[in-house]
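Input: a single structure, listed below in structure tokens.
Heads up: numbering here begins at 1 and tracks the sequence. This is a predicted model, so every value here is computed, not measured.
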Amino acid sequence: MHFHVVTLFPEFFTSPLSSTMLDKGRERGAIDFSVIDVRDFAHDRHRVTDDTPYGGGQGMVMKVGPLVEAIESAAAGGARPRRILLTPRGRVFDGEQAERLASESALVLVCGRYEGVDERVSAVVDEEISIGDFVLSGGEPAALIVIDAVSRLVPGVLGCAQSAAEESFSDGLLEFPQYTRPAEYRGVAVPEVLLSGDHGKIARWRRREALRRTLEWRPELLERADLDDDDRRWLEELRGRGGGDG
Ligand code: ADE
């Protein structure tokens, strides 16, 4: 998977893209990045990439020309990668979208800045994604979140093939609780079952705890989770005890 990031702030990505998982993924040849500086596509010697809005109003708007040309430069000559604009008005990003994007061979992530982006940029992107119902000062942190969530689903990025599959949301539930040594800390002991060595029992306990947490903290996820009869019986029991905390 090749991520092309189009931004006015290339330096924003230097440290995060060289952090452990992403750098390991790159070393393994599973992912790669290129950061494209919009200013390199400015049309004047002052490298101007924004301007005042037509019709008046506060703030500056990113100019269409430099941005479109920067987007088009990504993988120019090769297959056209899927183009995504990060914007608070986009479809809200979630695990399902991460999986969908992980099946692409390349993505162009376009970071908007300032008060907005010339509307004509929308015509050259394939979709618009938001990372939540709040406004960031720019699309850069959002692009990093998409890169992180998508990368860990790309085969070869995580050391252990299982670890992405077992986590929260991959089966529509929150993750079960995890513990490591010591077996007791400040009077709180690790649940007995985890020390039992009985893998069947442990798997069943983990499933039940994942269901309990989901019922308690994110009950709406249960409507779309993949549940069997055992799961449903356990949820009934928990609800009978008065919710997920019983
Ligand atoms: N740019 C500004 N706010 C954003 C958000 N919530 N998601 C994606 N890009 C953004």
Do the non-hydrogen side-chain atoms of Leu86 and Val146 ever get within less than 4.5 Å of each other?
yes

Tell me whether Asp228 is salt-bridged to Arg207, with the criterion being a basic N under 4.0 Å from an acidic carboxylate O.
no

Which atoms form the tightest heavy-atom contact between Pro81 and Ala74, and what is the distance?
CD-O, 4.0 Å

Can you confirm whether more than 12 heavy atoms, excluding those of Asp226, are under 6.0 Å from its CG atom?
no

Can you tell me how far apart NZ (Lys24) and OG (Ser151) are? Round to the nearest 0.5 Å.
14.0 Å

Answer yes or no: does atom CZ of Phe134 have more than 12 heavy-atom neighbours from other residues, nucleotides or ligands under 6.0 Å?
yes

Could you tell me whether the side chain of Arg206 reaches within less than 4.5 Å of the side chain of Leu194, counting heavy atoms only?
yes

Any non-hydrogen side-chain atom of Cys111 less than 4.5 Å from a side-chain atom of Leu8?
no

Does atom CD (Glu192) have a neighbourhood of more than 12 heavy atoms from anything else shown, all under 6.0 Å?
no

Shortest non-hydrogen contact from Asp118 toward Lys63:
CB-C, 4.4 Å

Minimal non-hydrogen separation, Glu119 against Arg89, with atom names
OE1-NH1, 3.0 Å

Between Glu127 and Arg100, is there a side-chain N and carboxylate O pair less than 4.0 Å apart?
yes

Enclosure of Gln58 CD (heavy-atom neighbours >12, cutoff 6.0 Å):
no

Give a yes or no on whether a salt bridge exists between Glu128 and Arg91, defined as a side-chain N under 4.0 angstrom from a carboxylate O.
no

Phe33 vs Phe3 aromatic rings, parallel, tilted or perpendicular, using cut-offs 30° and 60°?
parallel

